[in-house]
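A short worksheet on the structure shown next.
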Amino acid sequence: MKELAKTYDPGAIEECTYQKWMGRKYFHAKVDKTKKPFTIVIPPPNVTGKLHMGHALDETLQDILIRYKRMQGYNALWVPGTDHASISTEVKVTNQLREEGIDKQELGREGFLKRAWQWKEEYGGAIINQLKKLGSSCDWDRERFTMDEGCSEAVLEVFIRLYEKGYIYKGSRIINWCPVCQTSISDAEVEHEDQAGHFWYINYPIADGSGHVMIATTRPETMLGDTAVAVNPEDERYQHLIGKTLKLPLTNREIPVVADPYVDKEFGTGCVKITPAHDPNDFEVGKRHDLPKINIMNDDATICCPGKYEGMDRYEARKVIVKDLEEQGLLVKVEDHAHSVGTHDRCRTTVEPMIKQQWFVKMEELAKPAMEAVKNGELTFVPERFDKIYLHWLENIRDWCISRQLWWGHRIPAYYCDDCGEIVVAKEAPAVCPKCGCTHLTQDEDTLDTWFSSALWPFSTLGWPQKTEDLEYFYPTDVLVTGYDIIFFWVIRMVFSGYEQTGKSPFHHVLIHGLVRDSQGRKMSKSLGNGIDPLEIISEYGADALRLTLVTGNAPGNDMRFLMDRVKASRNFANKVWNASRFIMMNLGDEKVTKADPGDLRAEDKWILSRVNSLAKEVTANMDSFELGIAVQKIYDFIWDEFCDWYIEMVKPRLWDKEDASRTAALWTLKQVLINALKMLHPYMPFLTEEIFCNLSGEESIMISSWPEYQAEWNFAEEEEAVGIIKEAVRGIRGVRTDMNVPNSKKATVFVVSESPKVQKIFTEGKRFFAALGFASEVVVQKDKTGIDENAVSALIPEAAIYMPLSELLDIAKEKERLKKEENRLEKELARVNGMLNNEKFVSKAPASKIEEEKAKLEKYTQMMNQVKERLVQLGE
RNA sequence: GGAGAUAUAGCUCAGCUGGGAGAGCAUCUGCUUGACGUGUAGAGGGUCACAGGUUCGAGUCCUGCUAUCUCCACCA
């Protein structure tokens, strides 16, 4: 057994421990029908990504579950990988090219993709290595990428299947356009934010010269594309206008006044300009009234209408248009108006609704089984409240725009015949057009939304669409762990894709976590510069300390603040475990101590065995219901409080005494309990526990050892009670001594007075604890106060009265004060208990066990109260 | 406009299906006892936001209300 350092040094062991695990293939899982599988697929981080606290939390939770299940004997598989992250990566590569003075368009599609792959190979792996620093036990042999061969095949397969079933269609519809990224984006990618803006009131002249119609708009520039003005059909003010024609200012185009219930009579002027090509609502109104759709913008959001405004940016055009209207006397007034503006979540640019030919997934039918899954419990969210958010989104789902005007991604497998216009959707380019037989076919230029491929991740990574053994065995996966921020983007799309393609939910449970915020509760962000780098925390405090910090004291689904004080507390705990282990190993020396004679086990041994036993039961139950923070809190308290501060201290005298017949039993118990505690801690703190476990047990690895299970022979109720009483007594003695300012060096005889033979026995057997824990020189147990100095200091516990003849130190005033306080407390307790027991309704309605419990308390408090009163009388009160 | 979350000790937060208010940090007072001062022993500190209700009993369930945060939503 090697000498251990005085403090735990994570840096010294993490790297080589991880290498050991990798080398021995402990993370690797293969089909084994004799074992039950447990599968998690990683939410693939973007290849552009750098490990941040959100990842650290996400990976830690998954690793805890995987390690736990692996120890429980499951065939645990954690599939890792990365996401190609279409826009993010494309922007990165484009910028890199620009720095080299290369224009993306000039380079062309093929050249660009070559560079993008190079970029992916060079930088895309960084995050994978960072995940390893955390201790993640992913099966790296199975690492996948959303654009690798298998995932790409799955994408083609799904696209074609959905197309053939009519779920994917191409259509000219109004979509969200990002003028900077120059691509369409889905509704989910639009973030709405409130911005201060204006309301411009503008007069549109009636063509027959009979006056004006006043409209209000937040976007005057879009009037260039107006093709109507709408009023509510029931609006009495405007009945006479319906059907009339207006002269659209600045263009002199004539547009009709239409009646449409969409218009809110109360809002604005009750007259709404209709711009079908640049507003989703207007688009709908336009469809109902068969209005023309006039596109007024280029892809970069400059005006494309011929004339004065052509080429102006949309905001510049707005200014000029307002000025022109003012000059023509058509601008009535301007009001401040806050309104919600849609922005692109990647670049914050205000999106422009535009009509474009795009590919869509028809969602209505696909959403049904996804909703049903949650309703019938096939799929559960932890915590449950996310059910509602998920269902609400699905109930209101709209078709999913999946085409992107980007190069980096899965190219849409649609081919157009240049001659006859036929569309062919196929895995490979057809040689000839099936309709006209020509050979002039061109593939669609667009790529797919990056979430299209991640939607297939749980099964594409297991070999789908092939019917692989892996898929058969490991799918559906068990748990998906992710943040609430991507439920819409990802979770929902995986679920409906899973049902559609495999007939099953891709996972049974979704464990949702919140965001890791900074110490002030702000989001960690690049622009604020308040991000904390997990790798720095790991190098300073260790991966285990970081992991523990991230999962302690936080309920699922809630955001958490990242506090350095908590990291330090976690580090301290690691050190505590280290030192407790060091102490045990020092005492074990070269002894193996593989067994103990049960007859040699003392009360404290049985107590701690019993405690670790019930801990295993509780922790297992907590982990099974995903209460990972509660579970680790219990392990933490057990190790630090019960095991270190009590058990180890209690057992020290037996260890010092080499002649003690029960020394081996103590060593054996220390070892057993430590091993069990380490095993329970291992999913949380893998490196620390591995290092100690291997030194202590001589076994290969803790991560392949078995999870502690509750065992009936380690259930010692009697000893638990006895040690409980001893602990109370020790606490009482310590409390009194501190109160009286008695130095530890001042030993005293401890008299224990109890009438109960059972309690007398407990204290007689427990005498040895009082020397070390209660600074006793001698312990005398008796049934009354005979022979005890009147002026002895007292400590009263429910089962006994304890006296210490420290008369020279007895401060009567202080002792009285303490007793009064105790009397006070007891009075309250007694009042409460009596109140309950005297309440007829309580006695008749409460469960019998509860009544018994309260009766027992009454007895205990009464006994205690008598002692206190007696003592007060003794002190002349 | 809907929906959700949070409100518990000075700070950051736990508290599962209702049955005597908890942790870490901070504060105060002790301790050079042979694992650990990244330690140890003790102490102080809370009308569990507010108001009702259900119940023998509510931090926990219900209703309302206030504050803060978040998500969803096409009000020009």
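A, B, ... follow the sequence lines: proteins, then strands. Residue 1 opens every chain.
For A:Asp544, there are no salt bridge (Lys or Arg N to Asp or Glu O under 4.0 Å) partners, not counting sequence neighbours. Contacts of A:Lys6 classified as salt bridge (Lys or Arg N to Asp or Glu O under 4.0 Å), with partners at least two apart in sequence or in another chain: none. For A:Trp177, there are no ring pair (Phe, Tyr, Trp, His ring centres under 6.0 Å) partners, not counting sequence neighbours. Every salt bridge (Lys or Arg N to Asp or Glu O under 4.0 Å) that A:Glu829 has, sequence neighbours left out, goes to A:Arg832. Residues passing the ring pair (Phe, Tyr, Trp, His ring centres under 6.0 Å) test with A:Tyr541, sequence neighbours excluded: none.
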### Task
Taking Watson-Crick and G-U wobble pairs with both distances under 3.5 Å, convert RNA chain B into its dot-bracket string, 5' to 3', dots for unpaired and | for cross-strand pairs.
(((((((..((((.....[..)))).(((((.......)))))......((((..]....)))).)))))))....
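In this structure, A:Lys855 does not pair ionically with A:Glu853, as no charged nitrogen and carboxylate oxygen lie closer than 4.0 Å.
Listed by first and then second residue, the salt bridge (Lys or Arg N to Asp or Glu O under 4.0 Å) pairs that reach into residues 215-230 of chain A are A:Arg219-A:Glu221, A:Arg219-A:Glu352, A:Glu221-A:Arg318, A:Asp226-A:Lys273, sequence neighbours excluded. Counting only residues at least two apart or in different chains, salt bridge (Lys or Arg N to Asp or Glu O under 4.0 Å) contacts with residues 561-581 of chain A are absent.
Across all strands, A:Trp200 comes closer than 4.0 Å to no nucleic acid atom at all (heavy-atom distances). Using a 4.0 Å heavy-atom cutoff across all strands shown, A:Glu854 reaches no nucleic acid atom at all. A:Arg561 comes within contact range of the sugar-phosphate backbone alone, with a heavy-atom separation under 4.0 Å but no base atom that close. At the heavy-atom level, A:Ile274 lies nowhere under 4.0 Å from the strands shown.
For A:Glu649 against B:A35, a side-chain-to-base donor-acceptor contact under 3.5 Å is present.
Checked against the 6.0 Å centroid threshold, A:Phe199 and A:Phe267 count as a close aromatic pair.
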Could you run down the sub-3.5 Å N/O contacts of the protein with nucleotides 42-48 of chain B?
| unit_1 | atom_1 | unit_2 | atom_2 | d |
| --- | --- | --- | --- | --- |
| B:G44 | OP1 | A:Lys821 | NZ | 3.1 |

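Heavy-atom distances under 4.0 Å link RNA chain B to A:Arg571, A:Asn572, A:Asn575, A:Lys576 of residues 571-578 of chain A, given in residue order.
Around NZ of A:Lys617, the count of heavy atoms belonging to other residues, nucleotides or ligands within 6.0 Å does not exceed 12.
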Just list the side-chain donor-acceptor pairs under 3.5 Å for residues 383-391 of chain A, sequence neighbours left out, or say none.
| unit_1 | atom_1 | unit_2 | atom_2 | d |
| --- | --- | --- | --- | --- |
| A:Arg385 | NH2 | A:Asn558 | OD1 | 2.9 |
| A:Tyr390 | OH | A:Ala370 | O | 2.8 |

### Message
How would you summarise protein contacts on nucleotides 62-76 of chain B per nucleotide, using B for base, S for sugar-phosphate only and - for none, with heavy-atom distances below 4.0 Å?
### Response
---------SSSBBB
